[in-house]
Structures are given as structure tokens and as C-alpha cells.
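Below is one structure; the comments refer to it alone.
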Amino acid sequence: DNASVTILDKDADGVIRILIESEDHLMRAIYPVMLGKDNTASDSASDASMDYDYRNMTLRAPSEEGSGSVAKAADGNTGTIWHTNWGSGSGPTDLRNDPDNRYLQIELKETEKINEEFMLRQKEKFPQSNVVLRTGVYYVTPECRSTSYAIDAANYVRQKVKGGEKGSVRFYDDEMQKQRELENEIVNDMKEAMEQKQFKVYFQPKYSIKSHEITGAEALVRWERDNGTVLSPNAFIPVYENNGKIIELDFYVFETVVEFIAENLKAGREQVPISINASSFHASDPQTINTYINILKKYNVDPAMVEIELTETAVVSEYESVRELFDEFQLHGIKTAMDDFGSGYSILNTIVDIPVDVIKIDRGFITSCLESDRGIYFLKHLIDMIRNLGYQIICEGVETDQQIEILKQIGCDEIQGYWYSKPLKEEDYDKLLQTENISKGGAIPPNRQKILRDTLDNEKRKRGITI
């Protein structure tokens, strides 16, 4: 009842956007209304359907009589559509009065329906468009801190709606609140965690499938927090990728690995090459290669002892910049690898040209192929083709005797997975190297460019083409 109303602007069609804000600042929304012939404001209740012009981000919404104030707004910069609904007299005003969430589920389904209708209308009006709505719902209670808090919470949960999910609506519940608080801690505690070396590097060894010798290892990071909890990479890597701090973490892990190799070589202990994951963000920084090389020089470690991995998705999506970065790595003697090959974005004509030494075939892709004879046949010929192009091949995520036997028969060279070893703490990995057989110098890949050239030349000769 006590609210301020501010006129924001008016478009060419006579739609006025007004800001309605409650006196206690708990309720705020932008509400579009239409001027009548006598210049009095009226809603579009007579129009039973929504009408959006997404090209200009103008939004019109009918009122919903009997269901409380409804407000919708459009953000022209981000394409985000806000929908705020409060004060419904037909339902509870507090989730505590709806213990089974029945009322909430009805609201969410109704919002989902509205989103689907909207996307369908846009497709009909603009066939070339591909508008996708994502809706975050925050239920305003008397304890809500402010309008800004409510909007931020709704926007946070909206961002958690992924493109591949069935629904387009998510609710900000207690679990989401805990996740948000954890993410804030992850962001705020990073500097201190690095200073205190809470980020720990684990090592998962790679093995020759024929000799069972250790050929290398992959460095994987865990966050061992001072409260005793351990966070997996899935908890903090996406957060740091979003805020750009992943670059700092990558260099931290790389230096930790290089220091580990240097200390062990100095102590006379034999080592194998270690691969370290890197973000595609490095590809946009011309100083990246200098930072990596300077770390190697600082500890006097041969570049051949390290390998840089980027995921298949990063390689394909940032192809040109990643290609230049990998060229730089190889020119300085650092091996490169494409991780998670087969996870969804593989483009074979792309990997022919990308300067990569190692192809790591994705665990899910391998599991899927090994489920049928046709899949096994396909995987065998894929491995043969990749090897003939000069790549070193590693099959990831191998866990069973059956997988080992099939992969051995179809010609996989190296294995990484729990069948041999889980990721190990530094001291346990150190002991493993001292007790198991090590492949001398690790798995040295063939000259990929020479093999690729020879393969292409042979194909041309077969077809009678003069070279």
C-alpha cells in the first residue's frame, strides 16, 4: 500500500516503464503500462497474451487480475528478463506456511509454462531467432535483507540454469544459499590459501599398457582448507574461470610441480614427465609463455619434463589463439596435450593442424564405445588413425579388467585411471616412483609433423598424384 512510483521512460509505441518500490525497499519492479487516448495510464489486461519484441528488448506484459502485482522488465545489455511477483492474496506469503512446497511448485510450473510459450512465440515471429529464457526465483520473506539482495539471489540462481537442462526455472533454496556462500568463500579466501599452500597437488600416474611401467603423471589440484574440509577441483575451478583467477592458480600449480621435479632430481631420484592443466585464458596473454619458461629456468628443470594440457572444448572453441600458444610451447620444448578428446566437440580436421603431441581420449567416450562390438570397432580404427597422424595416445578413466583387455587388443598405448592408481598425495607418489618400474625418459612421442607428412605423401602416391 505504501509505495513510490517513478516514471522511467516512454517508447515509440506509448509504453511507459514505471518503477514501483515499496517503502521498506523489499519490493521493487519495473512495470510497463500503456497510455490511453486520454493520456491516463492503463494496463494491457485486455490482451490475454504476452507480446515481446526481443530485437529492441521492449517488453509488454498483461496484468494478471487476482494474482497480485506482476512486474516484468528487460535488460537490453544482457538479454536478461526479470519477473517479480509478490503479495499474492491467494497463496501463502511465507514458505513456512507451505511446508510441502506445493504452492511453490505450482508457481514454478506456471513460470516454466510462460517461458515455453514465450520462446515458442518468438520462434514463430522470428524463425531465425534462438531465444532461451532462464528464470531464477527468490521467494521474498519478511527476513529478506533488501531489494538488492533479493534481485542478486534470483540472478545467482538464474545463472545456474544450464542450457542443456530440461527446465528453465530454478528456485533459490537453502542448498543454493549454501553453495553461494561457499563460492563467496572460494573467491575471498584464494589469496590466503595460496600463501598458506592449502592448494595441494596430487599426482595420478600414467602406465604403459604393455610393460606396466610408469610413463608419466598428471598433476591434479585439491584444496585442503584450514577447517579440515577438502574441496575437489569441480568446486573451485569453475569459480576461478568465471572471475579470471584461474590464471593465478594455473601458475601456482605449475610452479609447485616444477619445484617437486627439481627437488627429486637434485636428490638423485628418477622422475617421469608430468602434465599440468591450463586454462584457455592463457592464450590471450602474450606473456604466458615467458612466465612458464621463467619458472622452469628458476628451478633449472628441462622443459621436456613437463607437458601442458588443455581440454578438447578449449582447443576447439579458442582454436586460433590456442594454436599459437601451443606452437610457442613446442618451440620451447614443452609437450602439449588435448584432454577429454571425444567428450562432445571433437573435430578431426581441427586436430590434424593443432600443434598437439598427446591425445587423451575421454573416459565417457571410451566407456560408451566399449559397450558394443560396433563401438569397439570404431574406437580401434579411431586409435589407429590418431596414431598414424603421429599422436601419442592415452586412454583415461580406465577402471576394470575388461576395459584393460579390450584396450590392449585394439592398440591403446598408455592408460590413466583407477585400475592402476587413484590420484596420490605428493609423498605417496614419491614412494610409488621408488618402488615401481619407470619407463626410461617416459613415453617419447614420435615426430608428429614428419609422420603426418609421410602419411599424406603415401596417400597421394596411392592415388597417383605427383608430389
Side-chain angles (χ1 to χ4, degrees), residues 156-157 159-160 162 173-207 214 216-261 263-264 271-272 274-279 281 295 306-311 313-314 339-340 343 360 362-364 396-399 415-436:
Y156 173 82
V157 70
Q159 293 172 345
K160 297 301 178 183
K162 304 301 180 184
D173 54 15
D174 291 340
E175 285 302 313
M176 195 60 64
Q177 172 69 17
K178 292 177 183 176
Q179 183 178 339
R180 189 181 183 194
E181 290 173 353
L182 176 59
E183 289 185 9
N184 287 335
E185 291 176 11
I186 287 171
V187 171
N188 297 329
D189 296 348
M190 180 184 185
K191 183 178 179 181
E192 182 181 351
M194 283 188 170
E195 291 172 351
Q196 297 181 2
K197 298 188 180 299
Q198 294 178 14
F199 290 108
K200 303 294 184 182
V201 175
Y202 285 54
F203 300 88
Q204 186 170 33
K206 307 168 189 175
Y207 286 81
I214 299 176
E218 179 180 359
L220 303 164
V221 64
R222 304 285 188 268
W223 186 348
E224 298 180 2
R225 305 173 78 196
D226 53 9
N227 63 7
T229 61
V230 178
L231 296 182
S232 70
N234 291 337
F236 54 88
I237 294 295
V239 177
Y240 294 145
E241 286 179 334
N242 285 334
N243 67 8
K245 292 292 185 180
I246 188 64
I247 292 178
E248 295 179 35
L249 183 62
D250 283 350
F251 286 140
Y252 171 95
V253 173
F254 184 79
E255 183 161 4
T256 301
V257 170
V258 172
E259 184 178 12
F260 169 81
I261 293 173
E263 289 177 352
N264 279 277
Q271 297 296 295
V272 292
I274 297 175
S275 61
I276 304 101
N277 291 282
S279 167
F281 286 172
I295 292 173
V306 294
E307 175 183 301
I308 299 298
E309 290 187 18
L310 264 75
T311 64
T313 305
D339 195 13
D340 298 336
S343 59
K360 301 183 73 175
D362 178 67
R363 169 188 175 181
E396 295 186 288
V398 180
E399 299 180 352
I415 296 294
Q416 181 182 340
Y418 276 64
W419 192 86
Y420 275 111
S421 173
K422 65 180 182 180
L424 303 172
K425 289 186 176 183
E426 182 179 307
E427 56 270 24
D428 295 328
Y429 173 68
D430 210 10
K431 292 176 184 176
L432 184 74
L433 290 181
Q434 297 177 50
T435 57
E436 295 202 12

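Keep in mind that this is a model prediction, so the values were computed, not measured.
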How far apart are the closest heavy atoms of [X] and [Y], and which atoms are they?
X	Y	result
Pro205	Leu432	CG-CD2, 3.7 Å
Leu231	Phe236	O-CE2, 3.4 Å
Glu224	Tyr202	OE2-OH, 2.8 Å
Ser275	Glu309	OG-OE2, 2.8 Å
Pro423	Leu220	CG-CD1, 3.7 Å
Gly216	Val272	CA-CG2, 3.5 Å

> Hey, mind stepping through Gln198 and Asp189 against side-chain contact (heavy atoms from CB on, under 4.5 Å) and telling me if it holds?
Replying inline: CA-CA 10 Å; Gln198 294 178 14; Asp189 296 348; over 6 Å; no
How long is the gap from [atom1] on [X] to [atom2] on [Y], to the nearest 0.5 Å?
X	Y	atom1	atom2	value
Glu183	Glu185	CD	CD	11.0 Å
Asp339	Asp362	CG	CG	8.0 Å
Lys422	Phe203	NZ	CZ	15.5 Å
Ile295	Thr256	CD1	OG1	9.0 Å
Glu218	Glu307	CD	CD	9.0 Å
Trp223	Leu249	CH2	CG	9.5 Å

> More than 12 foreign heavy atoms under 6.0 Å from CG of Asn188: is that the case here?
Replying inline: yes
>> Can you confirm whether the side chains of Glu175 and Gln179 place a donor and an acceptor under 3.5 Å from each other?
In response: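 Short answer, no.
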> Does a donor on one side chain and an acceptor on the other come within less than 3.5 Å for Ser232 and Asn234?
Replying inline: no
May I ask you to test the [X]-[Y] pair for a side-chain heavy-atom distance under 4.5 Å?
X	Y	result
Arg363	Glu399	yes
Ile214	Tyr420	no
Gln204	Tyr418	yes
Val221	Asn277	no
Arg180	Val157	no
Lys245	Phe281	no
Glu255	Val258	no
Leu433	Gln271	yes

Polar side-chain atom of [X] near backbone of [Y] as donor-acceptor pair, under 3.5 Å:
X	Y	answer
Asp430	Glu426	no
Asp250	Ser279	yes
Thr435	Lys431	yes

>> Checking Ile186 against Tyr240 for the side-chain contact (heavy atoms from CB on, under 4.5 Å) test, could you report, in this order, the C-alpha distance in whole Å, the side-chain angles of both residues, the deciding distance, and whether it holds?
In response: CA-CA 8 Å; Ile186 287 171; Tyr240 294 145; 3.4 Å; yes
> For Val253 and Phe199, what are the C-alpha separation, side-chain angles and deciding distance, and is it a side-chain contact (heavy atoms from CB on, under 4.5 Å)?
Replying inline: CA-CA 8 Å; Val253 173; Phe199 290 108; 5.9 Å; no
